[in-house]
Amino acid sequence: MTTTETRPPSAAQPEAKRNSPLSAVLRARELPVALALVILVTVTAIANPLFLSPQGVKDLLLNATIIVILAVGQAIVIITRNVDLSVGSILGLVAFMTGSLFANVEGIPIPVVFLAGLALGAVLGAINGLLVTLAKVPALVITLGTLYIYRGVNNAWAGGTQYFAGDRPDAFGALSVDTFLGFPVITLLALVVVVVVGVFLAGARSGRDLYAIGSDPEAARVFGLPVGRRVFLAFVTNGLLAGLAGVLYASRFNSVGATTGSGMELDVVAAAVVGGVAIFGGSGSVFGAAIGAILLTTITSALTALRVDKFWQQAIVGVLILAAIIIDRIASVRTARKLRISEARDV
Amino acid sequence: AGGGDDGGGGSGAEGEQTITFIPKQLNNPYTDVVLGGGEEGAEAAGFASSQVVGPLDASASSQVSFINAETQAGTNVIVIAANDPDAVCSALEEARTGGAKIVAFDSDTNPDCRDVFISQVVAKDVALIQVELIAEQIGGSGEIAILSATANATNQNEWIKYMEEELASNPEYADIELVAKVYGDDDDTKSFQEAQGLMQAYPNLKGIISPTTVGIAATARYLSTSEYKGKVALTGLGLPNEMRPFVKDGTVTEFALWDPAQLGYVAAFAGKALADGDITGEVGDTFEAGELGEREIGDGGIVIVGPPTVFNADNIDDYDF
Amino acid sequence: MAEQSVPGSDEPNEPLLRLQHGAKTFGPVVALADGTVELRAGEIHALVGENGAGKSTLVKILAGLYHPDAGDFQVAGRPVAFRSVADSKAAGISVIYQEPTLFPDLTVAENIFIGRQPRGALGLISRKAMRSAARELFDQLGVPIDPDRIAEGLSIADQQIIEIAKALSLDARVLIMDEPTAALSGVEVERLFAVARSLRDRGAGILFISHRFDEVFALTDRITVMRDGRYIATHDTASVRVEQIVREMVGRDIDQLFPKEEAVIGNAMLRVKGLARAGVFSGIDLEVRTGEIVALAGLVGAGRTEVARAVFGIDPYDEGTVELAGRRLKPGDPQAAIDAGAGFVPEDRRKQGLVMDLSVARNLTLTLRNSLARFGLIDARREQRTAAEWSKRLQVKTGSQEYAVSTLSGGNQQKVVLAKWLATEPKLLIVDEPTRGIDVGTKSDVHRLLSDLAGRGIAILMISSELPEVLGMADRVLVMHEGRITAELSREDATPESVMHAATASMEGAK
Amino acid sequence: MSDPVKTAPVPERVDGTTVLEAEPKGRTGWARVLLGRDAVMIYALIVVIVIAMIAVPRFASPVTTGFLLLDVIPVLLIAMPMTLVIITGEIDLSVASIAGLTSAIMGVLWQAGFDIGIVLVISVLAGVVAGAVNGFLVAVVGLPSLAVTIGTLALFRGLALVVIGDNAVANFPPELTAFFTSKLGATGIPTVMVGVVVVILFFGVLLHLTPFGRGLYALGYSQEAARFVGIKVARAKLWLFVGTGTVSALAGVYWTLRYSSARSDNASGLELAVIAAVLLGGVSIFGGKGSIPGVVAAVLLIGVINYALRLGRVSDVVLIIVTGSLLIASVVAPSVFGAISKWRHDRRVHRELPQATTSGAASA
Ligand SMILES: Nc1ncnc2c1ncn2[C@@H]1O[C@H](COP(=O)(O)OP(=O)(O)OP(=O)(O)O)[C@@H](O)[C@H]1O
Ligand SMILES: Nc1ncnc2c1ncn2[C@@H]1O[C@H](COP(=O)(O)OP(=O)(O)OP(=O)(O)O)[C@@H](O)[C@H]1O
Ligand SMILES: [Mg+2]
Ligand SMILES: [Mg+2]
């Protein structure tokens with residue numbers, strides 16, 4: 001802020017304002033969603049104190065955990081101007097494999113199951129990534145295809161078999177019950193995922209490449225960024241995270257089978273979008289996506305806790321998604337107008 | 001118009017008779033047990049071939065196209081568990097025009113569209129036994145809730161109706177208040193979250209009835225992983241294999257179910273009797289159901305399979321389904 | 001001033017870069033048949049040729065973006081075969097492409113440093129270091145661009161400047177600039193040249209492509225001419241004349257460059273009163289009469305394009321009125337303007353002038369889609385015929401009417417844009433930088449065409465950043481500065497000095 | 001394309017652009033039609049039908065036609081306006097929810113004793129309004145349609161629940177429900193197909209033969225360029241979303257009366273089936289490319305495979321895998337062919353070019 005000797009003072013002023021950390025926070029796309037979340041929780045807690053009881057908080061966090069992880073993965077992919085609709089199917093396959101491993105391999109160590117789940121997820125993500133990057137085909141079409149295929153494989157493999165919580169070791173189930181400093185263990189895991197991925201995207205060169213690619217893929221190619229490799233890795237990471245979510249699903253819920261996780265894809269995309277990740281790539285953050293995911297899961301719990309007629313709940317979720325997109329839009333239009341007027345002064 | 005071109009001649013024809021089961025949804029554990037019994041019954045009753053077809057999702061209309069294909073394939077007996085009593089009706093009518101016999105089981109269709117309905121148990125009995133169990137477990141007073149399957153599941157809705165009547169009319173239950181009915185759509189995740197929601201919305205809740213195998217298991221899973229374990233009672237209809245850990249860890253004390261395999265078994269024999277022309281589905285008709293002995297068609301064309309069993313820690317290990 | 005020291009020009013040193021007989025085809029189109037160029041250390045080397053001569057294609061081969069089908073390519077004496085842009089970068093080659101390729105969602109600073117951002121603690125990017133490095137670059141170029149602004153919405157000129165900053169920051173041995181000045185105004189061009197010369201003096205080699213001969217002769221040491229995808233000749237700039245270069249480029253002599261003929265000037269066709277848009281322009285009054293060419297001159301960013309867009313209905317405006325042929329135009333409705341007889345050749349033909357993925361024929365008839373319909377249905381035969389006719393009239397070079405317009409060279413694309421508006425038989429034609437990135441041959445075609453149109457009674461509003469073009473073509477010149485019209489000059493009064501004065505200084509120039 | 005000089009290795013055309021002689025020129029006229037993407041789709045459809053007739057007993061019968069068409073009608077209907085929407089580079093994920101909402105409204109109104117005509121009109125109007133809401137948010141407010149319609153997907157389905165709750169209404173007039181499953185004489189073709197064909201023709205003509213349709217393709221590739229030639233981008237999109245809303249409502253009405261069951265969850269999940277069919281039909285998700293004949297063929301292709309597998313009692317598991325693979329193959333195949341022809345082109349050029357370069361050097 002002191003490097004402006006050669007510049008006209010009028011140009012320096014708005015800039016100095018724009019750079020202060022406080023205003024950076026205030027301009028963040030994540031802010032409206034975060035605010036909505038705080039208001040929602042506060043209002044609900046006033047109406048129904050049980051909502052913030054230790055058990056209530058634990059439930060809220062646990063509900064959000066799996067979708068947060070999926071939304072983080074999805075955000076990575078969306079930022080590169082792609083999308084992965086197959087996450088629900090990947091989660092289902094991995095969850096079923098988890099159940100099947102515990103049921104069929106006597107005394108298999110839990111870390112091995114985690115690794116296997118991550119590996120399967122990564123492989124399925126890699127298939128998406130390969131098809132998208134090698135064949136240069138739109139991701140929406142490819143992953144709509146693999147959504148069907150992975151689900152089909154899951155059905156063929158599982159048939160009517162389901163594995164239940166009772167088939168798995170207690171220590172595995174305990175992961176989604178036990179808490180550490182008041183936080184459920186798997187929630188902490190999700191938190192680590194969010195922070196690591198978030199820092200990577202914001203601060204690593206290859207992370208920034210993803211934004212550049214999403215912003216203009218053709219320009220990225222012309223500039224010489226390794227577009228194919230980065231997009232491929234985005235899909236693999238997303239698959240990996242969907243795999244993690246699959247294993248955690250098996251830890252938290254009772255049964256895993258042929259239909260586990262189906263229909264989840266649009267919720268995940270919705271979470272990312274609500275959290276301010278632009279659907280056409282190039283902007284947004286995983287923190288936003290995570291907050292979006294928490295907001296969407298919390299709204300359901302909140303409406304139940306407020307005893308809102310259950311028939312209204314889904315409609316309200318829809319309105320909320322729309323509101324989030326509209327607010328985001330208003331914010332960005334306002335910035336654009338400010339930019340136009342301030343720049344006209346600068347000339 | 002335009003029924004199956006070679007579907008006719010089913011009734012009376014010896015030997016080459018075919019039967020097809022169309023469950024609510026494939027790849028569901030409860031359904032698998034029912035179908036296991038059905039296939040066994042079909043073989044015992046002497047069908048030349050038995051098939052299972054059906055949708056992967058339990059939506060209202062998805063069964064129609066399967067019925068159509070079976071109509072065209074000239075199947076002699078279609079055994080169906082309807083996702084929607086009316087949505088399958090016109091397709092079943094068409095199948096009947098083509099000569100097929102229709103047996104409903106598990107979940108009834110509109111009575112006009114089938115020849116006979118094989119019911120688990122007397123609907124009222126199922127309802128009463130669940131109310132009885134919950135009353136016992138919560139000590140006869142307090143708030144309770146119901147967590148059901150889909151909002152328009154025929155069988156569950158009928159049971160719930162009887163439960164509500166019983167709670168309202170029986171003085172023994174005067175202190176019990178039914179505060180909510182929620183629906184988990186027979187989806188594990190959804191049921192789990194509905195259970196969770198109940199706990200928060202109704203802090204004084206004493207017990208939950210879940211008259212569906214998916215719902216009771218998901219609820220049990222939630223209770224067993226929360227502070228409500230042992231404080232909130234849970235009963236309903238469940239599969240012993242699924243419920244075993246929760247009975248053992250004390251989340252659930254008692255729940256009920258009939259033997260699902262018998263349902264399919266009886267349905268197959270009813271289908272055979274219809275196809276052979278031994279019965280027409282009239283009230284009072286009787287037929288032999290293999291090793292389960294003679295069955296009679298009751299009011300409304302309904303055949304009752306048997307009384308429900310109550311499972312608890314003492315007897316649960318005797319069952320494997 | 002450029003000729004004092006050309007180190008290495010008479011030594012047998014290996015050139016920095018040499019391509020011989022490079023060839024590249026796209027399907028049936030031969031974009032480059034025999035591309036040859038040699039760039040030495042410490043020289044600025046011009047590459048000139050008509051539109052479609054294959055200059056950009058050659059550049060893309062040097063950049064590693066295209067793999068040549070044939071040819072011998074050496075960097076510093078060693079044969080190379082670049083597999084990707086990353087390879088050419090590693091070899092010290094930095095390229096400014098003809099079309100700016102920025103990432104709209106990233107900040108200006110990040111656009112400059114993407115892929116090699118300065119890093120701080122933990123190997124994470126240091127935004128502070130990046131910001132100050134970007135500022136330094138802009139100071140060097142003398143432009144006030146906020147490094148923290150996102151690139152979205154920057155004018156083409158600003159985008160081009162950022163591209164230049166990006167290329168400079170690479171500190172490359174070889175700098176290739178494909179028409180970097182096309183969007184820039186005089187001051188900015190001068191700054192760029194100063195930077196280029198200092199780079200040369202430090203031993204870098206610069207390949208410079210431009211259609212402006214004054215620039216080529218002011219800046220470069222040698223000139224290579226291309227025609228129809230082939231190498232023609234290389235000259236020392238000091239010892240060659242413009243006429244010869246032009247002859248080699250087009251294979252014939254070019255007559256007068258700016259042949260505006262006298263036309264009968266009639267009544268006012270376009271009348272704009274008090275037009276204003278907050279933060280962009282204000283108090284715009286202007287009039288264009290039939291048969292008249294009115295030029296809107298000014299520095300880049302003066303708001304000329306914005307005025308034209310508002311007049312045509314692309315952008316809304318806050319105050320004022322626009323009248324065409326006596327009728328008031330509905331604001332914000334281009335179709336109404338078209339129906340009233342207006343046509344608009346926009347400045348960015350890639351994004352605004354053409355639908356790049358559609359065929360030449362479809363692009364040509366897009367403006368006519370309503371009139372080609374009979375009973376609401378399009379007459380496909382007539383559509384074909386019209387397209388063929390107009391592409392012939394303007395001599396559009398294309399393999400087939402069915403090829404995507406993106407496969408044409410810049411100049412031919414511009415002809416398609418012009419053709420599709422001429423086909424509507426407009427009363428008013430607004431042309432925004434009609435000859436940006438167009439070679440001399442085509443340029444004089446365009447000028448002749450505009451003059452011809454004016455002769456037939458069409459009113460023409462021309463926005464141009466090229467002074468000679470403004471002075472040569474316009475009957476009247478309006479000069480804009482910071483969103484206002486600061487001077488109105490008749491053909492006689494318009495001199496380079498008077499226009500520049502009004503464009504840069506201020507209100508005093510208005511008299 | 002005149003006077004290719006046969007003697008020169010690199011002939012120069014009148015227009016000065018040089019062209020390789022040996023290179024196959026862009027296909028023209030009939031060849032383009034017969035080898036185009038749509039044609040391939042139609043061939044595939046014919047091949048699958050023939051295979052099904054041979055391999056699946058009883059497939060070759062008018063009964064098949066009837067049942068098969070009854071099954072595909074909802075997807076076929078909604079796919080028509082969806083094709084136009086996707087060609088403009090947008091998408092509508094809320095179609096199935098609109099159908100569900102229509103169904104719910106029909107049920108409640110009929111239950112409340114309104115005349116069936118009024119019920120139908122109001123239900124379809126509801127679809128128009130729902131489509132207009134989407135259109136307003138996308139076209140006027142300028143929000144991304146993928147995001148908007150994920151929101152309205154939840155909203156409209158939610159409203160369906162609000163309207164009808166957990167009830168199901170089944171007692172629609174029997175004449176009407178019978179009409180919806182009736183066939184045209186002995187052909188086996190459902191009577192309602194007449195209406196469906198009208199819808200197909202309407203959208204086919206609109207897209208391929210009108211100025212509006214021309215504009216849509218331009219719009220799909222570049223909105224900005226489209227605006228500069230006077231195409232009313234916002235208005236066109238608004239109308240298209242109203243179109244999907246309306247046709248989705250028609251599909252909802254069909255669904256309700258065919259199954260004679262009005263409920264909130266009718267047609268749920270149908271959006272992905274529709275989009276899969278449209279994409280399989282050759283419409284580019286990025287906009288600008290696609291055609292109605294291709295999409296119709298694709299819908300029928302999936303329908304035929306579906307029905308043949310059911311008749312052969314092959315599990316739906318196979319069907320989903322086949323659908324997914326077809327979808328992927330349909331988009332990957334052009335890339336593969338493209339790569340192959342590029343490779344062949346490169347080889348040919350390498351054989352030819354030494355010649356070309358020498359002659360070039362001579363003329364310089
Ligand atoms: N990707 C492509 N596909 C097909 N043809 C192409 C492609 N790129 C260039 N061409 C053709 O190759 C020829 C040379 O184009 P190029 O862009 O190199 O010309 P240029 O000399 O840079 O012209 P300008 O001065 O207009 O920029 C032109 O005829 C053009 O139509
Ligand atoms: N899309 C946009 N969004 C925001 N600001 C813009 C946009 N386009 C232009 N500007 C700004 O508006 C001002 C006027 O730009 P405009 O393009 O009208 O200038 P011009 O005189 O036509 O210059 P040019 O020679 O580039 O055509 C400039 O400050 C420019 O940075
Ligand atoms: Mg060029
Ligand atoms: Mg301009």
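Here is how names work: the chains are called A, B, and so on, in the same order as the sequence lines, proteins then strands, and each is numbered from 1.
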* Structure fact -> If one checks every heavy atom of C:D379 against chain D at 4.5 Å, the contacting part turns out to be neither
* Side chain, backbone, both or neither: which part of C:Q20 has a non-hydrogen atom closer than 4.5 Å to chain D? -> neither
* Closest approach of C:A373 to D:P211 (non-hydrogen atoms, all atoms of both residues) -> CB-CG, 3.7 Å
* **Residue C:I338 versus chain D: region with a heavy atom under 4.5 Å** => side chain
* Asked: Do D:L209 and C:I378 come within less than 4.5 Å of each other through their side chains, counting heavy atoms only?
  -> no
* Taking every non-hydrogen atom, the tightest pair across C:Q335 and D:V229 -> OE1-O, 3.9 Å
* **Full working for side-chain contact (heavy atoms from CB on, under 4.5 Å) between C:L372 and D:R214** => CA-CA 11 Å; C:L372 283 173; D:R214 282 286 192 281; over 6 Å; no
* To do: Check whether C:K420 gets within reach of chain D through its side chain, its backbone, both or neither, counting any heavy atom under 4.5 Å.
  => side chain
* Should we say atom CD of C:E389 is surrounded by more than 12 heavy atoms from elsewhere, each under 6.0 Å from it? -> yes
* **Nearest-0.5 Å distance that lies between atom CZ in C:R309 and atom CZ in D:R227** => 6.5 Å
* To do: Using the six-membered ring wherever Trp is involved, compare the ring planes of C:F344 and D:F228 and label them parallel, tilted or perpendicular (cut-offs 30° and 60°).
  => tilted
* Does any heavy atom of chain D fall under 4.5 Å from the side chain of C:Q352, the backbone, both, or neither of them? -> both
* Of all of C:L368, C:N363, C:L358, which one pairs up most often with chain D through heavy atoms under 4.5 Å apart? -> C:L358
Show me the donor-acceptor pairs within less than 3.5 Å that the side chains of residues 279-290 of chain D make with the rest of the protein, sequence neighbours left out.
residue	atom	partner	partner atom	Å
D:S284	OG	D:F286	N	3.1

* CE-OH distance between C:M356 and D:Y221, expressed to the nearest 0.5 angstrom -> 12.5 Å
* Which residues satisfy the side chain to side chain donor-acceptor pair (under 3.5 Å) test with D:S330, sequence neighbours excluded? -> none
* Asked: Taking all non-hydrogen atoms of both residues, which atom of D:A225 and which atom of C:V355 are closest, and how far apart?
  -> CB-CG2, 3.9 Å
* Pairwise distance CZ(C:R369) to CD1(D:I231) - rounded to 0.5 angstrom -> 4.0 Å
